[in-house]
Peer 1: 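First the structure, then my questions, so here it is.
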Amino acid sequence: MSIPSRVKMVEVGPRDGLQNEKQPVPAAIKVELVHRLQDAGLKEIEVTSFVSPKWVPQMADNAEVMAGLVRRAGVRYSVLTPNLQGFEAALKSKPDEIVVFAAASEAFSQKNINCSIAESIERFRPVAEAARAHNIHVRGAISCAVGCPYEGEIAPERVAMVARLLKDIGVQHVGVADTIGVGTPIKVQRAMEAALKHYDLDGVSGHFHDTYGQALSNTLACLQMGVWQFDASVAGLGGCPYAKGATGNVATEDVVYLLHGMGIDTGIDLDKLIDAGKFISDFLERKSGSRVATALLNKRMA
Ligand code: HMG
Ligand code: MG
């Protein structure tokens, strides 16, 4: 399999990144972040989630954030919906895509969405049906596809099983997610191969958290399989509130630098992306989690 010449980056910072922030981030800041990301050339942006505000208070302003967007043609705005209640709320905000999120680990499913894997699929079934009826694209996430904070290592067969269940209910695309960033290249390739038993190459993406510093290696391992879609979070924001200790997604800036260095087209302006990362890092009064952004900002100042 040859390395793709073009990669689509899915920016998940506004959702996966900010959901983990303890300090309130005003809706206007979230909207400004999305605007800066689309200015940088991102064509897929995960904006927010329609989950219980008791579970994830930071996403309680979901409708306000969606309403504040000045949408750009050609950009797909997605939101997470764990159940029909979330989908119905999300529908008013006219997302282009919804994301249902399952897990390859029973324990994580319980902690994250308060139900078993099988129950989650039954909750997602009417969501996927309703979304398709409204012409909304349906993506699925498979969390803990390599390892789980509660169950440890996860066998690829679990990923294949969840991919099959998602496929059966009409989920059009699956993201193989290393939620806690414990994966290494061969293990991640095995997890991806498991998803590829039920989806084709155009129907899968990689979602790597960088807790153990393996996310770029894991990205490269998937590129070598021909995978061409990856989630990442600007400035490496985030983590999952139900996976304690897990750091953010791999920084979008770092993946883009890797890809451009390999001659792979992303359509993204790295300088503008770095500005977007600086904007949110400054707001959070935190150093960027991106090594590339840190290096290039230092260079700018020199
Ligand atoms: P539950 O408590 O079992 O839900 O939570 P319930 O159906 O029994 O309802 C209880 C209450 O929640 C009711 O309110 C409902 O109205 C309300 P009350 O009567 O008590 O006032 N409720 C909702 N409110 C707003 N939006 C909704 C909704 N549903 C019920 N959609 C539930 C089940 C799924 C809602 C809860 O567990 C939840 O919200 N979990 C979300 C957790 C989450 O957002 N995790 C982070 C995202 S996943 C992730 O980051 C991983 C990913 O990045 C990939 C990776 O890295 O692995 C995607
Ligand atoms: Mg995640």
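FYI, the numbering just counts along the sequence from 1.
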Peer 1: Which of these, V171, V174, L80, sits in a side-chain contact (heavy atoms from CB on, under 4.5 Å) with V100?
Peer 2: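 Testing each of V171, V174, L80 against V100, the sole residue satisfying side-chain contact (heavy atoms from CB on, under 4.5 Å) is V171.
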Peer 1: Is there a donor-acceptor contact under 3.5 Å from the side chain of E11 to the main chain of V234?
Peer 2: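 Yes; judged by distance alone, with no hydrogens or angles, the pair exists.
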Peer 1: Who passes side chain to side chain donor-acceptor pair (under 3.5 Å) against D271, sequence neighbours left out?
Peer 2: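 Once residues adjacent in sequence are excluded, D271 has no partner under the side chain to side chain donor-acceptor pair (under 3.5 Å) criterion.
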Peer 1: Let me confirm one number: the CG-CG distance from L284 to L18, rounded to the nearest 0.5 Å.
Peer 2: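 With rounding to 0.5 Å, CG (L284) is 6.5 Å from CG (L18).
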Peer 1: Which residue pairs satisfy the side chain to side chain donor-acceptor pair (under 3.5 Å) criterion with at least one member in residues 287-299, sequence neighbours excluded?
Peer 2: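 Of all non-adjacent pairs touching residues 287-299, those that pass side chain to side chain donor-acceptor pair (under 3.5 Å) are D254-S290.
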Peer 1: So which pairs with a foot in residues 247-301 pass ring pair (Phe, Tyr, Trp, His ring centres under 6.0 Å), sequence neighbours left out?
Peer 2: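 Non-adjacent pairs meeting ring pair (Phe, Tyr, Trp, His ring centres under 6.0 Å): zero.
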Peer 1: Nearest 0.5 angstrom please: I169 CD1 to R123 CZ, how far?
Peer 2: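 Output value for this atom pair is 12.5 Å.
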Peer 1: Keeping to residues at least two apart or across chains, list the side chain to side chain donor-acceptor pair (under 3.5 Å) pairs with something in residues 69-87.
Peer 2: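 Found Q38-Y77, D39-R72, E44-R76, R76-E97, S78-R139.
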Peer 1: Verify side chain to side chain contact (heavy atoms under 4.5 Å, CB included) between V204 and V227, making sure each step is shown before the conclusion.
Peer 2: CA-CA 7 Å; V204 297; V227 174; 4.2 Å; yes
Peer 1: Answer yes or no: is there a side-chain heavy-atom contact under 4.5 Å between F108 and Y150?
Peer 2: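 Yes. Closest side-chain heavy atoms under 4.5 Å.
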Peer 1: Any heavy-atom pair between the side chains of V47 and V65 that's under 4.5 Å?
Peer 2: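 V65 reaches V47 side chain to side chain.
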Peer 1: Okay, side chain of E119, backbone of S116: is any donor-acceptor separation there less than 3.5 Å?
Peer 2: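 Yes, because the side chain of E119 sits within donor-acceptor range (under 3.5 Å) of the backbone of S116.
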Peer 1: Look up atom CG in L223 and atom CD1 in I3, then write down how far apart they are to the nearest 0.5 Å.
Peer 2: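 Going from CG on L223 over to CD1 on I3, the span is 6.0 Å.
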Peer 1: Could you check whether any side-chain N or O of D269 sits under 3.5 Å from a backbone N or O of A40, counting only pairs where one atom can act as donor and the other as acceptor?
Peer 2: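 Not a single qualifying donor-acceptor pair exists.
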Peer 1: Please determine whether residues V176 and L196 belong to a single hydrophobic cluster, defined as Ile, Leu, Val, Met, Phe, Trp and Tyr linked transitively by side-chain heavy-atom distances below 4.5 Å.
Peer 2: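 They do share one cluster, since a chain of ILVMFWY contacts under 4.5 Å joins V176 to L196.
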Peer 1: Look up atom OG in S105 and atom NZ in K111, then write down how far apart they are to the nearest 0.5 Å.
Peer 2: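 Separation between the atoms: 10.5 Å.
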Peer 1: Checking D275 now: which residues fulfil salt bridge (charged side-chain N to carboxylate O under 4.0 Å, His left out) with it, not counting sequence neighbours?
Peer 2: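 With neighbours one apart ignored, the set is R300.
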Peer 1: Are there more than 12 heavy atoms of other residues, nucleotides or ligands under 6.0 Å from atom CG of N135?
Peer 2: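 Incorrect, the count does not exceed 12.
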Peer 1: Any sub-3.5 Å donor-acceptor pair from N218's side-chain atoms to V188's backbone N or O?
Peer 2: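 No; zero donor-acceptor contacts below 3.5 Å.
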Peer 1: With heavy-atom distances below 4.5 Å as the criterion, would you say the side chains of F124 and I113 are in contact?
Peer 2: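 Sidechains of I113 and F124: in contact.
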Peer 1: Side chains of M9 and L42, heavy atoms from C-beta outward: is any pair under 4.5 Å?
Peer 2: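 Side chain of M9 against side chain of L42, heavy atoms only: contact under 4.5 Å found.
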Peer 1: So V182 and H209, side chain to side chain contact (heavy atoms under 4.5 Å, CB included) or not? Walk me through it.
Peer 2: CA-CA 8 Å; V182 291; H209 287 253; over 6 Å; no
Peer 1: Check whether T211 reaches the backbone of I180 with its side chain - one donor and one acceptor, N or O, closer than 3.5 Å.
Peer 2: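 Yes, because the side chain of T211 sits within donor-acceptor range (under 3.5 Å) of the backbone of I180.
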Peer 1: S5 and W228: side chain to side chain contact (heavy atoms under 4.5 Å, CB included), yes or no, with the steps?
Peer 2: CA-CA 9 Å; S5 57; W228 61 278; over 6 Å; no
Peer 1: If you look at every heavy atom in A215 and D210, which pair is closest and at what distance?
Peer 2: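 Heavy atoms only, the tightest pair is N-OD1, 3.0 Å.
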Peer 1: Would you say S233's side chain and G236's backbone share a donor-acceptor pair under 3.5 angstrom?
Peer 2: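 Absent.
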Peer 1: For E122, which residues count as a salt bridge (charged side-chain N to carboxylate O under 4.0 Å, His left out) partner, sequence neighbours excluded?
Peer 2: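 In terms of salt bridge (charged side-chain N to carboxylate O under 4.0 Å, His left out), with neighbours along the sequence ignored, E122 is linked to R125.
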Peer 1: Can you sort out the partners of E88 under side chain to side chain donor-acceptor pair (under 3.5 Å), two or more places apart, ordered by chain and number?
Peer 2: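 Residues passing side chain to side chain donor-acceptor pair (under 3.5 Å) with E88: none at all.
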Peer 1: When you compare the side chains of N114 and W55, does any donor N or O come within less than 3.5 Å of an acceptor on the partner?
Peer 2: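 Result is no, nothing qualifies.
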Peer 1: Extract all donor-acceptor atom pairs below 3.5 Å that involve side chains of residues 155-167 and protein atoms in other chains or at least two apart in sequence.
Peer 2:
| unit_1 | atom_1 | unit_2 | atom_2 | d |
| --- | --- | --- | --- | --- |
| R158 | NE | A104 | O | 3.4 |

Peer 1: Could you pull out the closest heavy-atom pair between P14 and I45, with the gap in Å?
Peer 2: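 So the minimum-distance heavy-atom pair works out to CG-CG2, 4.1 Å.
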Peer 1: If hydrophobic clusters are built from ILVMFWY residues whose side chains come within less than 4.5 Å, do V56 and M66 share one?
Peer 2: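 In one cluster: yes.
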Peer 1: May I ask you to decide if V70's main-chain N or O and H35's side chain share a donor-acceptor pair within less than 3.5 Å?
Peer 2: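 The answer is yes, because a donor-acceptor pair under 3.5 Å joins these two groups.
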Peer 1: Closest heavy-atom contact between L33 and A276?
Peer 2: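 Scanning both residues, the minimum pair turns out to be CD1-O, 3.8 Å.
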Peer 1: Please identify each residue that fulfils side chain to side chain donor-acceptor pair (under 3.5 Å) with E21, with sequence neighbours left out.
Peer 2: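 With sequence neighbours excluded, E21 shows a side chain to side chain donor-acceptor pair (under 3.5 Å) to R286, given in chain and number order.
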Peer 1: Hey, does K30 have a side-chain heavy atom less than 4.5 Å from the side chain of T48?
Peer 2: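 Counting from C-beta outward, T48 and K30 never come under 4.5 Å.
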Peer 1: Would you find a donor on one side and an acceptor on the other, under 3.5 Å apart, between the side chain of N62 and the backbone of M59?
Peer 2: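 Yes, because the side chain of N62 sits within donor-acceptor range (under 3.5 Å) of the backbone of M59.
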Peer 1: Any side-chain heavy atom of S49 sitting closer than 4.5 Å to one from F101?
Peer 2: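 Of all side-chain heavy-atom pairs linking F101 with S49, none is under 4.5 Å.
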Peer 1: Heavy-atom distance under 4.5 Å between the side chains of L37 and T252, does that happen here?
Peer 2: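 Not touching, per the 4.5 Å side-chain cut-off.
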Peer 1: Roughly how far apart are D96 CG and H137 NE2, rounded to 0.5 Å?
Peer 2: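 Separation between the atoms: 11.0 Å.
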Peer 1: Mind checking what makes salt bridge (charged side-chain N to carboxylate O under 4.0 Å, His left out) contact with R36, not counting sequence neighbours?
Peer 2: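 Residues passing salt bridge (charged side-chain N to carboxylate O under 4.0 Å, His left out) with R36: E32.
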Peer 1: Quick one: pull up CD1 in I142 and CE in M192 and give me the separation to the nearest 0.5 Å.
Peer 2: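 Those atoms lie 9.5 Å apart.
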Peer 1: Could you state whether V292 and V12 fall into the same hydrophobic cluster, counting links through intermediate Ile, Leu, Val, Met, Phe, Trp or Tyr residues with side-chain heavy atoms under 4.5 angstrom apart?
Peer 2: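 No.
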Peer 1: For the residue pair Y212 and G181, what are the closest heavy atoms and their distance?
Peer 2: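 Looking at all heavy atoms of both residues, the closest pair is CD1-O, 3.2 Å.
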Peer 1: Keeping the roles fixed (side chain from E46, backbone from V10), state whether a donor-acceptor pair exists under 3.5 Å.
Peer 2: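 Judged by distance alone, no pair lies under 3.5 Å.
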Peer 1: Applying side chain to side chain donor-acceptor pair (under 3.5 Å), name anything that partners K278, two or more places apart in sequence or on another chain.
Peer 2: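 For K278 the side chain to side chain donor-acceptor pair (under 3.5 Å) partners, ignoring immediate neighbours, are D282.
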Peer 1: Is there a path of hydrophobic side-chain contacts, each under 4.5 Å between heavy atoms of I/L/V/M/F/W/Y residues, joining L237 to F208?
Peer 2: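 Same cluster: F208 reaches L237 through Ile, Leu, Val, Met, Phe, Trp or Tyr contacts under 4.5 Å.
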Peer 1: Between E151 and E106 (side chain of the first, backbone of the second, donor and acceptor by atom type, cut-off under 3.5 Å), is there such a pair?
Peer 2: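 A pair under 3.5 Å: yes.
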Peer 1: Would you say CD of Q23 has more than 12 non-hydrogen atoms from neighbouring residues, nucleotides or ligands within 6.0 angstrom?
Peer 2: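 Yes.
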Peer 1: Any luck finding a side-chain donor-acceptor pair between H173 and S205 under 3.5 Å?
Peer 2: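 There is such a pair between these side chains.
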Peer 1: What closest approach, in Å, do V7 and L259 show between heavy atoms, and which atom pair accounts for it?
Peer 2: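 Taking V7 first and L259 second, the nearest heavy atoms are CG1-CD1, 3.5 Å.
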Peer 1: Would you tell me whether D178 and H207 have side-chain atoms, one donor and one acceptor, within less than 3.5 Å of each other?
Peer 2: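 Distance-only check fails for D178 and H207.
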Peer 1: Hydrophobic cluster membership, with links at side-chain heavy-atom distances under 4.5 Å among I/L/V/M/F/W/Y: are L296 and L216 in one?
Peer 2: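 Yes, because L296 and L216 connect within a single hydrophobic cluster, where side-chain heavy atoms sit under 4.5 Å apart.
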Peer 1: If you take all heavy atoms of A293 and E253, which pair is closest and at what distance?
Peer 2: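 That would be CB-OE2, 3.9 Å.
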Peer 1: What residues, two or more places apart in sequence or in another chain, satisfy salt bridge (charged side-chain N to carboxylate O under 4.0 Å, His left out) together with K187?
Peer 2: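 K187 satisfies salt bridge (charged side-chain N to carboxylate O under 4.0 Å, His left out) with E153 only.
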Peer 1: When you compare the side chain of C148 with that of S143, does any pair of heavy atoms fall below 4.5 Å?
Peer 2: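 Not in contact.
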